[in-house]
Amino acid sequence: MLRIKPQLQFNLYIAFVAGILHATQLHGDCVWSFDQQMQYDTGENTTGVDVGDFDGDGFPDLIVANRETNDVVVLRNDGLGNFSNHSSVFIGGIPRYVVAGDLDGDGDIDAATPNWESETVSILLNDGKGILTVVAELPFRRPSCIAIGDLDDDGDLDLVVPHWDPDASSGGSSPGLTSVMLNNGDATFVESSLVTIGIQPRGVAIGDLDGDGDQDFVVNNLSSHSITIAENMGNGIFIEAITFDVGEEPRYVAIGDLNQDGLNDIAIAHKRFDEMWILNNDGGMFFSVASVSDTYSNPHSITIADLNSDCKLDVITSHVGGPWVYVFVNEGDSAVASTIEIQSDNGPAHVIASDLNGDDKIDLITANTNNGSVTVHLSEVEQVDCSTCIADLSGNGVVEVMDIIAIIEDWGDCPANSCCPSDLVVDGVVEVNDLLVIIAAWGTNCSPEPRLLSGPPSPGQK
């Protein structure tokens, strides 16, 4: 039997790992492709979409809100990312958006909509098979948007509802309000806080902004050109709000840790000047402008997701002024190094991100206002890390001692369903095999640029 000396075994292993790394990670082009696009008719003036397993078959379905037909439609997923109309329910009163979640604690996915004309929020409960029924109408003056999350840490999903001040005679020209509606556990709600915000709220997002573990929220104020951040004081009680000037007509907002410092940052779509702003969280509820990037015409919504599985959150905007979705590729410090454009016809008013076909790639979904439809963009993005080689854990452009230190600091098991950059061989544990990848790539210059293979015009064209 042939026996290989330990030193030779080590050298052969290094050569093997280096060959794989060279072929797949270090010098390959990033393929940013969402070529599998399918459009589904849903109603008229579709402006809201969310995702959830409504029929209980284990596959994520879609739910959309239609302003003109005044209804909510559930689209059933066949498991491969193909959809068909499953059910619909009449809402009335111009439902602008829709959010999905288990509101009554029975294990299936329910929904809620803010209804502009009827001045209500509709609570829709699921029969377990994806058939929704309106069970309550909560009164608010001109509710414009809505967010869902556990604000009092009791396991139930609560609601955040920005709206006009019902006591202000000037209505939309006076400062608005945000109602924090805590869930009793059975899809009945009680208002725990009423927070004064700016004028004409148009977008809202929930996330931990002060690093204390509970959920705060931020609201875009379109007409007062500001955002309002409300701090959760615990148990879903909000008594402090801070307003920042952020430029003209902020239309939508999203929350995520964009510079990987452990603090959630804020991304804003600006309608007036076609811009996307990133605000870095400096701690203590203070924020500073990190970058301003051009978007396409009339950005209408924004979301945050890791689209290329590099453990860095990217920013995505949709635009009602043209048939494009923009992906702002995150290089790890909130800087936008490149912009990928994805065609999405018929005025994408709302964009969300989710894995729809179970291939561990994040897909994009848009609600389209011009023709009443939803477009599903199935991801074909290739290469685990599209901006730098995976061995450059420190992100400084070269594989060296700092990357070994990162491996040592993360040594041990990688928690399930989490993103562990140091688990380079993706086997669920950070150990010697990952260290060998670093050694094999030692000294490599890690700066390949992403490229767009086909489709939309060059980034920046309008």
Side-chain angles (χ1 to χ4, degrees), residues 147-153 160 178 180 195 197 203-221 226-247 250 252-270 275-293 302-317 328-337 353 362 387-388 392-396 402 405-406 409-410 414-415 417-422:
I148 188 170
D150 185 3
L151 301 175
D152 54 359
D153 199 28
V160 175
T178 295
V180 176
V195 180
I197 56 175
V204 59
I206 293 174
D208 182 8
L209 293 172
D210 56 1
D212 64 355
D214 52 33
Q215 300 297 298
D216 313 301
F217 69 82
V218 58
V219 178
N220 273 3
N221 306 306
S226 64
I227 61 171
T228 300
I229 297 174
E231 182 180 2
N232 191 340
M233 308 307 293
N235 298 321
I237 305 300
F238 294 78
I239 61 174
E240 295 185 11
I242 306 169
T243 296
F244 298 88
D245 293 332
V246 293
Y252 211 86
V253 63
I255 294 173
D257 183 4
L258 296 172
N259 60 355
Q260 298 179 298
D261 65 352
L263 298 173
N264 279 324
D265 309 302
I266 296 173
I268 304 171
H270 278 77
E275 293 175 338
M276 188 276 291
W277 287 31
I278 291 177
L279 305 184
N280 272 359
N281 190 337
D282 299 325
M285 299 291 280
F286 291 98
F287 293 81
S288 58
V289 179
S291 64
V292 176
S293 305
I302 192 168
T303 193
I304 293 174
D306 180 7
L307 296 184
N308 58 343
S309 301
D310 65 352
C311 296
K312 304 180 186 74
L313 294 173
D314 309 301
V315 180
I316 306 101
T317 58
F328 296 93
V329 181
N330 186 354
E331 292 300 310
D333 58 357
S334 297
V336 177
I362 302 299
S387 56
T388 61
D392 181 21
L393 293 172
S394 66
N396 65 354
M402 295 303 297
I405 292 174
E409 289 178 345
D410 294 339
C414 180
N417 301 317
S418 65
C419 193
C420 293
S422 297

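Side chains included, hydrogens not; waters and symmetry mates left out as well; all remaining heavy atoms used.
Applying the side-chain contact (heavy atoms from CB on, under 4.5 Å) test between Ile266 and each of Val246, Leu209, Asn220 identifies Leu209 as the sole match.
Residues that satisfy the side chain to side chain donor-acceptor pair (under 3.5 Å) test with Asp245, not counting sequence neighbours, are absent from this structure. Remark: Leu313 pairs with Leu258, Ile304, Asp306 by the side-chain contact (heavy atoms from CB on, under 4.5 Å) rule, at least two apart or across chains. For Ala353, the side-chain contact (heavy atoms from CB on, under 4.5 Å) partners are Ala305, Ile362, Leu364, not counting sequence neighbours. By the side chain to side chain donor-acceptor pair (under 3.5 Å) test, Thr178 is found to be paired with no residue, residues two or more places apart in sequence or in another chain being considered. Scored by the side-chain contact (heavy atoms from CB on, under 4.5 Å) test, Leu263 finds Asp261, Asn281 as partners (sequence neighbours excluded). Partners of Met402 by side-chain contact (heavy atoms from CB on, under 4.5 Å), not counting sequence neighbours, listed by chain and number: Ser394, Glu400, Ile405.
Ring geometry for Phe287 versus Phe244: interplanar angle over 60°, hence perpendicular rather than tilted (30 to 60°).
The nearest pair of heavy atoms linking Ala267 to Ile302 is CB-CD1, 3.7 Å. Of all heavy-atom pairs between Asn330 and Lys312, the closest is O-CD, 3.5 Å. Met276 approaches Ile278 most closely through the heavy-atom pair SD-CG1, 3.6 Å.
Put simply, the side chain of Asp216 never gets that close to the backbone of Ile229: no donor and acceptor are under 3.5 Å apart. Side chain of Asp314 to backbone of Val329: no donor-acceptor contact under 3.5 angstrom is found.
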